Amino acid sequence: SRRARFFTPVPRIHAGIAADLTRIDDQRIVLLAFDDCGEVVAEARAVRLRADPTTAEMAITVLDAHQRQGLGSRMLRRLAAASRQAGITRFVGHVLVDNAAGQGLLDAGHATRVIAEPGVHGFEISLTPAAVTAETAATLGMAS
């Protein structure tokens with residue numbers, strides 16, 4: 001899950017990266033999911049782009065042992081809802097082409113994808129109700 005998130009093997013999260021990943025301010029939304037023992041098992045974040053504060057770079061990480069249980073989809077729905085409330089209308093980001101779980105999550109969110117560089121897809125997910133289908137709205141928790 002760390003390789004998929006950071007695009008490189010990361011045996012240990014260093015203090016500087018951990019501080020950046022846990023910083024919360026008016027430019028970012030961070031959601032955490034905990035297991036019964038209080039350990040973080042998933043993290044979702046949206047960080048506003050300085051050039052366009054209605055757009056946020058989105059990333060979701062689910063620990064390997066907790067994948068394929070719908071947690072990533074739930075995190076995406078909750079992150080989309082919190083982001084819309086904060087005035088964010090679009091998610092963008094990157095995912096490794098061989099990240100099957102990430103690709104599946106993008107499919108569920110009806111993301112548009114382009115090849116950003118060899119082995120990496122760039123993606124976009126609209127959070128604006130007028131720009132999405134009913135199926136996408138339901139997936140992202142936008143259905144009324």
Side-chain angles (χ1 to χ4, degrees), residues 1-34 39-144:
S1 36
R2 287 186 185 165
R3 178 189 169 277
R5 171 66 174 90
F6 296 107
F7 296 7
T8 187
V10 179
R12 192 176 91 107
I13 304 284
H14 297 284
I17 294 172
D20 187 54
L21 290 173
T22 56
R23 183 178 53 210
I24 300 172
D25 56 29
D26 61 348
Q27 299 304 308
R28 63 192 77 225
I29 298 168
V30 178
L31 304 176
L32 302 173
F34 299 88
E39 297 293 322
V40 175
V41 296
E43 176 257 347
R45 72 181 47 252
V47 180
R48 290 181 193 269
L49 301 183
R50 288 182 186 181
D52 177 7
T54 65
T55 299
E57 185 168 358
M58 182 271 290
I60 296 174
T61 304
V62 178
L63 293 183
D64 295 341
H66 296 272
Q67 291 184 6
R68 294 178 177 65
Q69 299 173 28
L71 184 54
S73 296
R74 287 194 306 272
M75 296 295 281
L76 176 58
R77 280 192 299 276
R78 290 180 178 166
L79 185 64
S83 295
R84 280 192 307 278
Q85 287 180 342
I88 295 169
T89 60
R90 180 171 71 122
F91 286 151
V92 296
H94 295 88
V95 63
L96 291 172
V97 171
D98 67 355
N99 179 348
Q103 296 290 343
L105 192 58
L106 293 178
D107 290 342
H110 300 275
T112 57
R113 286 180 270 201
V114 297
I115 298 294
E117 61 184 76
V120 178
H121 281 156
F123 68 83
E124 178 179 329
I125 298 174
S126 176
L127 302 178
T128 306
V132 299
T133 66
E135 181 183 3
T136 303
T139 300
L140 295 176
M142 298 164 67
S144 47

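Along the sequence shown, residues are numbered consecutively beginning with 1. Just so it is clear, the model here is predicted, and its values are computed rather than measured.
- Here the OG1-CD distance, from T61 to Q67, works out to 9.0 Å after rounding to the nearest 0.5 Å.
- Put simply, the side chain of E117 never gets that close to the backbone of G122: no donor and acceptor are under 3.5 Å apart.
- In terms of heavy-atom proximity, R74 sits nearest to R77 at CG-NH2, 3.0 Å.
- A search for side chain to side chain contact (heavy atoms under 4.5 Å, CB included) contacts involving A116 returns H94, V120, not counting sequence neighbours.
- Interatomic distance, I115 CD1 to H121 NE2, rounded to the nearest 0.5 Å: 3.5 Å.
- Annotation for F91 and L76: closest pair CE1-CD1, 4.1 Å, computed over non-hydrogen atoms.
- Taking both residues in full, the closest heavy atoms of G109 and I125 are given as O-CG2, 3.7 Å, listed atom of the first, atom of the second, then distance.
- The CE atom of M75 sits 11.0 Å away from the CE atom of M58 when rounded to the nearest 0.5 Å.
- Interatomic distance, OG1 of T55 versus CD of E124, reported as 7.5 Å (0.5 Å rounding).
- Nearest heavy atoms, L71 versus V62: CD2-CG1, 4.0 Å.
- If you take CZ on R90 and OG1 on T128, they are separated by 9.5 Å, rounding to the nearest 0.5 Å.
- The shortest heavy-atom contact between P53 and I88 is O-CG1, 4.1 Å.
- Taken from CD1 in I60 to CG in L105, the straight-line distance is 4.5 Å, to the nearest 0.5 Å.
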